Amino acid sequence: QVQLVESGGGLVQAGDSLRLSCAASIRTFSDYAMAWFRQAPGKEREFVAAVSASGGTTYYADSVKGRFTVSRDNAKNTVNLQMNNLVPDDTAVYYCARAALTNRGWRGDYWGQGTQVTVSS
């Protein structure tokens, strides 16, 4: 059974930083890529960042490149998203997912419950 639990969301001001964490209960965690997605009010869920199974390769949406950093600790079964220089457009519910890169982009098959990030101007 796969369980993903996000934490670290909150209310911050533009320019601030936040660090999201995802604790994964996946027996073979180090076999899978992991990703972060987000969904803003009235919008579709979108890809934010992903990290390969080994942690050696990372992927980012253009909108967060240079501001966000995704990482993982396979010994602790965790995935992190360091978000710097936040802007109001980053306001969304952020989801951790076990994911794979397909010909239609990154797709998650197991999801956490989400954590709210709100950035005020």
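No experiment lies behind these values; they were computed from the predicted model shown.
- To the nearest 0.5 Å, the span separating CZ on Arg72 from OG on Ser21 amounts to 13.5 Å.
- For the pair Phe47 and Ala61, the tightest heavy-atom approach, listed with the atom from each and the gap, is O-CB, 3.5 Å.
- Note: Phe37 and Trp111 meet the aromatic proximity criterion, with ring centroids under 6.0 Å apart.
- Judged as a salt bridge (Lys or Arg N to Asp or Glu O under 4.0 Å), the pairs with a partner in residues 60-69 (not counting sequence neighbours) are, in order, Asp62-Lys65, Arg67-Asp90.
- Using modelled atom types, no side-chain atom of Gln39 and backbone atom of Ala92 make a donor-acceptor pair closer than 3.5 Å.
- The shortest non-hydrogen separation linking Ala33 to Trp106 is CB-CZ3, 3.8 Å.
- A distance of 5.5 Å separates SG in Cys22 from CD in Glu6, rounded to the nearest 0.5 Å.
- A distance of 7.5 Å separates CG in Asp89 from CZ in Arg38, rounded to the nearest 0.5 Å.
- Taking Ile, Leu, Val, Met, Phe, Trp and Tyr as members and joining any whose side-chain heavy atoms lie under 4.5 Å apart, directly or through other members, Leu11 forms no hydrophobic cluster with any other residue.
- When hydrophobic side chains of Ile, Leu, Val, Met, Phe, Trp and Tyr are connected at separations under 4.5 Å, Met83 ends up clustered with Val2, Leu4, Val12, Leu18, Leu20, Ile26, Phe29, Tyr32, Met34, Trp36, Val48, Val51, Tyr60, Val64, Phe68, Val70, Val79, Leu81, Leu86, Tyr94, Tyr110, Val117, Val119.
- Taking all atoms of both residues into account, the shortest heavy-atom contact from Ser17 to Asn84 is OG-OD1, 2.9 Å.
- The CZ atom of Arg98 lies 14.0 Å from the CD atom of Gln3; values are rounded to the nearest 0.5 Å.
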Please step through side chain to side chain donor-acceptor pair (under 3.5 Å) for the pair Gln82 and Asn80, ending with a clear verdict.
CA-CA 6 Å; Gln82 177 67 41; Asn80 300 305; over 6 Å; no
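- A pairwise comparison of heavy atoms in Ser121 and Ala14 identifies CA-CB, 4.3 Å as the closest pair.
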